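Heads up: the structure comes next, in structure tokens.
If you read the sequence from its start, that first residue is 1, and numbering goes on from there. In this text the structure is predicted, and so the values were computed from the model without any measurement.
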Amino acid sequence: MGENTETLRRCRKCLTRDMAGQEEYFRTLREYIANLDEDIKAPAALYEERLESCRQCDMLSEGMCRSCGCYVELRAAVAQRSCPWNKWKAAESGTTDNRQ
């Protein structure tokens with residue numbers, strides 16, 4: 001169909017932190033997440049669990065949720081946020097203690 005086989009393709013199922021060559025573009029997003037107030041930040045284990053769910057979701061496209069338009073890494077980083085498709089819920093109050 002006239003498709004150039006040398007055309008670069010990006011993985012549509014990637015998180016922003018996995019997108020090669022776009023590190024600088026998404027640096028501020030990752031800095032924002034790293035600097036979230038500890039009172040609202042999801043614990044690291046919960047964050048990674050949420051991102052794994054997002055990686056498996058058909059609505060993930062280039063780091064964004066096609067359902068709501070958010071960057072999934074940012075939504076997952078906030079404890080009180082939830083998935084618009086109910087694949088993961090908001091953390092219950094009092095469960096956001098990040099001390100390890």
Side-chain angles (χ1 to χ4, degrees):
M1 298 191 113
E3 184 176 313
N4 184 351
T5 57
E6 294 179 11
T7 301
L8 292 176
R9 292 182 175 212
R10 288 191 276 174
C11 172
R12 299 208 178 274
K13 300 289 285 175
C14 290
L15 300 170
T16 61
R17 66 184 182 183
D18 299 329
M19 291 182 181
Q22 298 201 18
E23 294 85 4
E24 185 61 28
Y25 183 76
F26 293 111
R27 180 182 49 81
T28 55
L29 174 68
R30 288 189 291 275
E31 285 176 2
Y32 181 84
I33 292 169
N35 291 308
L36 281 172
D37 188 9
E38 293 298 318
D39 293 341
I40 66 167
K41 197 180 230 183
L46 178 61
Y47 177 66
E48 292 301 326
E49 187 178 304
R50 288 174 169 185
L51 292 182
E52 188 55 37
S53 179
C54 291
R55 278 188 186 100
Q56 305 304 315
C57 183
D58 291 336
M59 298 305 286
L60 178 65
S61 179
E62 297 180 10
M64 294 179 72
C65 174
R66 293 184 303 151
S67 175
C68 68
C70 75
Y71 283 108
V72 299
E73 289 156 274
L74 180 55
R75 180 178 287 270
V78 179
Q80 295 303 308
R81 293 290 193 144
S82 62
C83 169
W85 285 92
N86 295 320
K87 297 199 177 195
W88 45 266
K89 304 281 185 206
E92 293 186 24
S93 296
T95 61
T96 59
D97 186 3
N98 290 325
R99 291 172 285 184
Q100 294 181 7

**Item:** S67-W85 side chain donor-acceptor pair, cut-off 3.5 Å
**Value:** yes
**Asked** Between CG of L51 and CD of E49, what distance do you get to the nearest 0.5 Å?
**Response** 10.5 Å
**Message:** On a heavy-atom basis, which atom in S82 and which in A90 lie closest, and how many Å separate them?
**Reply:** CB-N, 3.5 Å
**Request:** Kindly compute the distance separating SG (C68) from CZ (R75), expressed to the nearest 0.5 Å.
**Result:** 4.0 Å
**Message:** Hydrophobic clusters here meaning ILVMFWY residues chained together by side-chain heavy-atom distances under 4.5 Å, can you tell me if M64 and V78 are in one?
**Reply:** yes
**Message:** If I take atom OG1 from residue T28 and atom CG from residue N35, how far apart are they, to the nearest 0.5 angstrom?
**Reply:** 11.5 Å
**Minimum heavy-atom distance R50-K89, with the two atoms named** = NH2-O, 3.1 Å
**Prompt:** Between W88 and I33, is there a shared hydrophobic cluster once you connect ILVMFWY residues whose side-chain heavy atoms come closer than 4.5 Å?
**Reply:** no
**Request:** Check V72 against C54 and note the closest heavy-atom contact, atom names and distance.
**Result:** CB-SG, 3.9 Å
**Side chain proximity check, C83 to S53, heavy atoms < 4.5 angstrom** = no
**Asked** Rounded to the nearest 0.5 Å, what separation is found between the CD atom of E73 and the CZ atom of R30?
**Response** 7.0 Å
**Request:** Check C57 against K87 and note the closest heavy-atom contact, atom names and distance.
**Result:** SG-NZ, 3.6 Å
**Asked** In terms of hydrophobic clusters joined by side-chain contacts under 4.5 Å, are Y47 and Y71 together?
**Response** yes
